[in-house]
Amino acid sequence: MALFATCFNDTMWPEAPKATVRLLERLGVQVDFPMEQTCCGQMFTNTGYGPRAAGLVRSFIDTFGDYDAVVAPSGSCVGSVRHQHTGIARAVGDTGLERDAAALAPRVHELSEFLVDVLGVTDVGAFFPHSVTYHPTCHSLRMLRVGDRPLQLLRAVRGIDLRELPGAQECCGFGGTFAVKNSDVSVAMGAEKARQVTATGAEVVVAGDNSCLAQIGGVLGRQRSGVRTLHLAEVLASTQEDPA
């Protein structure tokens, strides 16, 4: 299988894709990292410039098309590949690209989907002796419908104190360029999400997308709450011998 690190993680939060590799290799999976990979094109599409992402769709297919599985530590980017790539190809009238995108899409998995549905595991041998609350990100929740797969994985972590997040299904307010174009609304949504996180008394808030953790963590940091943000992959990769 191949790791799709995503450009956001590669640029700002490389520990998440690194943790994904450690975790999958611990489970006996051979992981390749194609160096040609780049952005999935979501930034263009969500800003109204979908056709301009056609080159990135072709690049994604050229890079990952020969793999039986592609895994990414990002529900947002996997959602883009599975639900936007064929539409982008259709919009530019490229039937071959549309066909190739449709063929690859089912083989692209968000991390928790791959672990639970493809590998068939929920106990990955993780150890994380901290209080944790989990925020389900919008794209993983609504586009991918990962359901409780991340929670299944977290419940099996040894030593964890998993606490329910009030209003868990409410958006954190990031939404990519939404946070820039609608900053006042975004800040208000982020503040409410931070309030819900601190209400749990958890030491760590976990999510499957670093974009959302950036939003939540930014508010929590300004409030000097002391709550730490951590990607799901980093918690699942954590062991007693090599803790996160």
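His85 places no side-chain N or O within donor-acceptor distance of the main-chain N or O of Val57, the cut-off being under 3.5 Å. Formation of a donor-acceptor pair under 3.5 Å by the Arg224 side chain with backbone atoms of Leu220 is not found in this model. Side-chain N or O atoms of Asp94 include one that pairs as donor or acceptor with a backbone N or O of Gly96 at under 3.5 Å. Under a 3.5 Å cut-off, the side chain of His231 and the backbone N or O of Pro73 do form a donor-acceptor pair. Remark: side-chain polar atoms of Ser238 are not paired, donor with acceptor, to backbone N or O of Glu234 under 3.5 angstrom. Of the possible donor and acceptor atoms, none in the side chain of Arg52 sits under 3.5 Å from a partner among the backbone N and O of Tyr49. A donor-acceptor contact shorter than 3.5 Å links the side chain of Gln37 to the backbone of Ala5. In this structure a side-chain-to-backbone donor-acceptor pair under 3.5 Å is missing from Asp148 to Leu151. At least one donor-acceptor pair under 3.5 Å links the side chain of Gln215 to the backbone N or O of Cys172.
Residues Ser59 and Thr38 meet the side-chain proximity criterion, which asks for heavy atoms closer than 4.5 Å. Side-chain contact between Lys193 and Val219 is absent, with no heavy atoms from C-beta onward closer than 4.5 Å. You'll find the side chain of Thr122 stays beyond 4.5 Å of the side chain of Leu115, heavy atoms only. Between Glu203 and Val132, every side-chain heavy-atom pair lies at or beyond the 4.5 Å cut-off. Here the side chains of Arg163 and Ser131 are in contact, with some heavy-atom distance below 4.5 Å. Arg90 is not listed as a side-chain neighbour of Thr95, based on a closest heavy-atom distance of 4.5 Å or more. Residues Thr200 and Pro166 meet the side-chain proximity criterion, which asks for heavy atoms closer than 4.5 Å. For the pair Cys77 and Phe4, the minimum side-chain heavy-atom distance is below 4.5 Å.
Both Leu165 and Ile216 belong to a common hydrophobic cluster when Ile, Leu, Val, Met, Phe, Trp and Tyr are linked at side-chain heavy-atom distances under 4.5 angstrom. Follow the hydrophobic side-chain contacts under 4.5 Å out from Val70 and you reach Val78 in the same cluster. A continuous path of hydrophobic side-chain contacts links Val31 to Leu153 [ILVMFWY only; heavy atoms under 4.5 Å]. Two different hydrophobic clusters hold Leu141 and Val205 under the rule that ILVMFWY side chains link at heavy-atom gaps under 4.5 Å. When the side chains of ILVMFWY residues are joined at heavy-atom separations under 4.5 Å, either directly or via intervening members, Leu24 and Val157 end up in a single hydrophobic cluster.
Taking CG from Leu154 and CZ from Arg149, the interatomic distance works out to 14.0 Å, rounded to the nearest 0.5 Å. Here the CG-OG1 distance, from Asp100 to Thr86, works out to 12.0 Å after rounding to the nearest 0.5 Å. Here CZ of Arg228 is found 11.5 Å from CG of Leu213. Values are rounded to the nearest 0.5 Å. Between atom CD1 of residue Ile160 and atom CZ of residue Phe128 there is a gap of 7.0 Å, rounded to the nearest 0.5 Å. Expressed to the nearest 0.5 Å, how far NE2 of His139 lies from OG of Ser211 amounts to 8.5 Å. Rounding to the nearest 0.5 angstrom, the gap separating the CG atom in Leu56 from the SG atom in Cys7 is 9.0 Å.
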- Quick one: do Asn9 and Glu15 satisfy side-chain hydrogen bond (donor to acceptor under 3.5 Å, both in side chains)? Show the steps, please. CA-CA 8 Å; Asn9 281 325; Glu15 290 307 314; over 6 Å; no
- Message: Would Asp209 and Ser76 count as a side-chain hydrogen bond (donor to acceptor under 3.5 Å, both in side chains) here? Give the steps.
- Response: CA-CA 7 Å; Asp209 278 275; Ser76 178; 4.6 Å; no
- Query: Going through the distances and angles, do Glu36 and Thr63 end up as a side-chain hydrogen bond (donor to acceptor under 3.5 Å, both in side chains)?
  - Reply: CA-CA 6 Å; Glu36 299 82 5; Thr63 301; 5.1 Å; no
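Scanning both residues, Ala126 and Val235, for their nearest heavy atoms gives CB-O, 3.7 Å.
For Met1, the CE atom sits in a packed shell: over 12 heavy atoms of surrounding residues, nucleotides or ligands are nearer than 6.0 Å. For Arg222, the CZ atom is loosely surrounded, since the number of other residues' heavy atoms within 6.0 Å does not exceed 12.
A donor atom on one side chain and an acceptor atom on the other are not found under 3.5 Å apart for Gln30 and Glu25. Looking at Ser112 and Glu110, their side chains do bring a donor and an acceptor atom within 3.5 Å of each other.
A salt bridge links Glu113 with Arg82: the closest approach of a Lys/Arg side-chain nitrogen to an acidic carboxylate oxygen falls below 4.0 angstrom.
Note on ring orientation: taking the six-membered ring where Trp is involved, the planes of Phe8 and Trp13 are tilted (angle from 30° to 60°).
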